[in-house]
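Inspection log for the structure reproduced underneath, given as structure tokens.
Residue numbers begin at 1 in each chain, while the letters A, B, ... track the order of the sequences. Here the structure is a predicted model, which is why all the values come from computation and not from measurement.
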Amino acid sequence: MEDLFGHSYPSTNKTLFADIILPVPIPRSFTYSVDPEIQDEIGIGYRVMVQFGKKRILTGIVAKVHQKAPEAYKAKPILDLLDDFPIVNALQIKFWGWMAGYYCCHIGEVMNAALPSGLKLSTESKVQIHPDFDLENPSFPMDERELVILEALEKNPEMNVDQLEPLVAAKDLHKIIKSLLAKKAILVYESVKEKYSPKIETRVRFSPEYLSESHKLNELFEKIKGKVKQENVLLKYLQQVPVFNDQALNEQGLAKKVLTDAGCSSSSIDTLVKNKVFETFKIKISRFDPIKVEEKSIELSQDQLEAYESIQHEFGTKSTVLLHGITGSGKTEIYIKLINEVLDSGSQVLLLLPEIALTTHLVSRLQKVFGDTMGIFHSRYSDNERVDVWQGVLSGKYNFIIGVRSSLFLPFDSLGLVIVDEEHESSYKQFDPAPRFHARDAALMLAWLHQAKTVLGTATPAFESFYNAQTGKYGYVKMDKRYGGAELPHFHLADILKDKKKNLLKLDFTRLMREKIQEALNNQEQVLIFQNRRGYAPYISCEECGWIPECEHCDVSLTYHQYQNELRCHYCGFKEKVPNKCQACGSEKITTVGSGTERIEENLSLLFPEARILRMDLDTTRSKYGYQKILEEFGSGNVDILVGTQMITKGLDFDRVSLVGIVDADRILFYPDFRSGERAFQQITQVAGRAGRRNKTGNVIVQTRRPDQLIFNHIIEGKYTEFYQQEMGERRQFYYPPFVKNIKIVVKHKDFKITETAAFQLKNLLVEIEGRKIILGPEKALIGKIKNLFHFEIWIKLERSTQAQEHFKHEMAQKISELHGDKRFRSVRFLVDVDPS
DNA sequence: AGCACGCCGACT
DNA sequence: GTCGGCGTGCTC
């Protein structure tokens, strides 16, 4: 507490209390008392250690400090204050609170998602010998295994429980510790363990005495003359660190690794250290390689400049702008200019990208402009790397972050601009685990909390966003020319059924598709083939009786993967060998049905034996750099055809791709869900955007059984708005978003009957809630059982007003916990998904 | 969620 | 007898 003159006083003698966010799924805040010693330091965003329940010690985050003692119970004290400065700021706490409220989850779940686990301290149980216990003179008989433990502790007075595990059979350990504890032979206590460790580098440099007088160095060389190895070390060092020119350089030293990499042995360096010629020291270094800024300023084309100015103009009255720019229209340069401007004004910038787009050229492009001031937040980063980025934001090292959805949680304190690239991308919304937030929507809230501007960039806006632009809530800027005057690709519809009748459909490919592929191959151009289904065949089947192998744990057929010759469940990971006989009738006539990427790849190699083919799907990109490797391979031009799932629709920019083929457009289009049309439009347009660049018009072949569908017309002609309006008519009529708010509740349990009953009872309770709403279901989910849990779904359609939503969500939470209180439904899980995808 | 407490069956 | 199965209740 400070007075007017900035003097600080110890706090008043009133006891302080703190509301702590704890990583537990309980919808309550927990109040602890603050001991006087830490009263002056504690504040919002500090990490603390508290006891929770009888045994658990947890780390939590201070959400609020106040003087109101809880009435119903006596607050436990905070055990320890863990930081010298807050690790989370007040805006973040607000953001967490909003997220928990909006997405109907617990704030502890938000905290878990927000903090890199390196910042979540873990406790470990440590064991030591009881001070009053005498091993030589035990007051009770001991068995051999107890003795083993005690002897180990004798040697090493502080051990954690894990370390003891190898000494005895794992199952017994708990028992032994318990009995030793009861006999007062040992003590068990919890200790906190910081998981994050900065990256440390060992460096060497001249000892100061050698440096102060230059003749000493000459003497040194005399002294070690003939000792080739040591000489070599010195020369290498001087080569890297020319201390003769500038003595100050010695201070920095040289990484020991540089010398060893250059062929100096570690022992020869050690000798120099032993003789006090060199000294070693350790410093913290960044996990990220330094990056040079290569291009400071960028030139905008006329179109880009106009778009940029329109955005600025819209920002005059609106805080969010939808930038609707077709693929290749050059949104990146506009981003760069906007980012530069905000950075110059001293504010921070966040650029969100979908997971899959983060390894692409966009990142390296931006890196060239922004260098080391740009932090990258990747989902494949290790935990230490994440903490490094987190601390980079805290320290001000990074004022610009480019990252995936979880980068929303970084400790920004003054965002000026948030850009959500590919804002339509459905992977921004995820279901598991909670919080089930939509990164675009959360970004808008985050920006609002910071009073920052937001740009939503896309070639195919999400209908929600376009609706907001149409109704004037967002500004709208359109770019419909390709950068450098390149033309849009030509679309061709290929009728699968027609070709089939005429026997022209070969191995899933229509005649038109085959001809166009051949043409591209002849011209040394590259081809992308899109099939949104991995594996070899979606299922196998007995020709005699129609038997189809299904997953033991889920309500799905097993996908055949030829490469490993196994059947796999794409929902739970279950695997089994391919049966050689039908398990129902014993027939050996088993065939594969349908085509996934594996089979498409095989078919292509049969149709075009001379072509070099590569496949990109979850199975070929599982390793850390798998995705990048395939992209590089394709980019190098050593590959003619790339077959892939969704993955190939993102971030591929290769000039030599002239043809894009979609094997089965119907699969995208006829998915049973109100968004299927929107999604089909987006996916087909996105993948088509990969065809043809700069100076060559590309081709897109869309194979379908229903070429008469109106949507194809809209896609082919690029008529987004017409398509939007047509779909909107239906959405309005049948109460779909954006005209209503959707909430989905998934009811899960291992017993079918219990799941069903719980779901129906919940519906009955929800119906009682006041306000206008439509409740659909419960219905068995599309996939009725996953991992041995039955799924039922309830869909709720609500008025859009915030008030109506908040009221409903609040009541709903009560009803769910009411139902949970019923002992029959104790173990039933109710998952709430707001704005489900 | 985790963890304790408490109440029942099958084992050294 | 006790160990351990899991149903129930609570966590500031």
Side-chain angles (χ1 to χ4, degrees), chain A residues 15-35 38-39 42 44 46-81 93 96-97 100 103-115 117 120-125 141 143-146 161 168-183 188-190 432-436 748-751 754 758 789 813 816-832:
Chain A
T15 338
L16 285 189
F17 295 92
D19 292 350
I20 310 293
I21 302 171
L22 293 172
V24 288
I26 303 163
R28 247 171 294 161
S29 76
F30 295 94
T31 308
Y32 286 82
S33 64
V34 180
D35 283 348
I38 54 171
Q39 286 206 356
I42 201 166
I44 291 178
Y46 282 76
R47 288 182 303 173
V48 292
M49 253 175 53
V50 293
Q51 188 172 72
F52 186 71
K54 289 207 169 139
K55 213 181 157 194
R56 282 195 292 171
I57 291 185
L58 300 174
T59 38
I61 300 274
V62 178
K64 196 177 163 190
V65 181
H66 56 84
Q67 298 190 343
K68 216 168 73 201
E71 284 160 22
Y73 54 86
K74 184 169 182 334
K76 282 185 185 164
I78 288 171
L79 298 179
D80 209 352
L81 184 63
I93 305 257
W96 294 5
Y103 289 105
C104 302
C105 65
H106 311 290
I107 199 158
E109 290 173 310
V110 181
M111 170 186 163
N112 262 337
L115 289 186
S117 47
K120 286 175 248 166
L121 300 179
S122 63
T123 57
E124 54 184 6
S125 303
D143 72 14
E144 195 153 330
R145 292 173 311 174
E146 289 175 338
V161 177
V168 291
K171 213 172 153 250
D172 301 336
L173 182 62
H174 196 67
K175 224 193 272 177
I176 302 170
I177 288 183
K178 225 168 138 182
S179 99
L180 285 172
L181 196 60
K183 294 170 187 161
V188 176
Y189 61 100
E190 295 297 305
D432 253 349
R436 308 181 168 85
K748 293 208 278 191
H749 191 263
K750 60 180 192 292
D751 182 282
I754 290 176
L789 296 176
I816 290 177
S817 77
E818 187 182 318
L819 202 56
H820 228 187
D822 188 324
K823 62 182 176 189
R824 285 175 301 162
F825 305 133
R826 198 48 65 83
S827 51
V828 177
R829 311 259 291 126
F830 300 94
L831 310 180
V832 178

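With sequence neighbours left out, A:His820 forms a side-chain hydrogen bond (donor to acceptor under 3.5 Å, both in side chains) with no residue at all. In terms of the side-chain hydrogen bond (donor to acceptor under 3.5 Å, both in side chains) criterion, A:Ser33 has no residue partners (sequence neighbours excluded). A:Phe30 pairs by the ring pair (Phe, Tyr, Trp, His ring centres under 6.0 Å) definition with A:Phe52, not counting sequence neighbours. Applying the ring pair (Phe, Tyr, Trp, His ring centres under 6.0 Å) rule to A:Phe17 yields no partners; only residues at least two apart in sequence or on another chain are considered.
Between the side chain of A:Tyr32 and the main chain of A:Gln51, a donor-acceptor pair closer than 3.5 Å is present.
Reading DNA chain B from its 5' end, the first and the last nucleotide to sit under 4.0 Å from a heavy atom of chain A are B:dA1 to B:dA4.
Minimum heavy-atom separation, A:Met111 to A:Trp96: CB-CZ3, 3.8 Å.
No more than 12 heavy atoms of other residues, nucleotides or ligands lie within 6.0 Å of NZ in A:Lys750, so this atom counts as exposed by the packing criterion.
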Filtered N/O pairs between nucleotides 6-12 of chain C and protein, under 3.5 Å:
unit_1, atom_1, unit_2, atom_2, d
C:dT11, O3', A:Gly53, N, 3.1
C:dC12, OP1, A:Tyr32, OH, 3.3
C:dC12, OP1, A:Gln51, O, 3.4
C:dC12, OP1, A:Gly53, N, 3.4
C:dC12, OP2, A:Gly53, N, 3.3
C:dC12, OP2, A:Lys76, NZ, 2.3
C:dC12, O3', A:Thr31, O, 2.7
C:dC12, O3', A:Lys76, N, 3.0
C:dC12, O2, A:Thr31, N, 3.1
C:dC12, O2, A:Tyr73, OH, 2.0
C:dC12, N3, A:Tyr73, OH, 3.2
C:dC12, N4, A:Arg28, NH1, 3.2

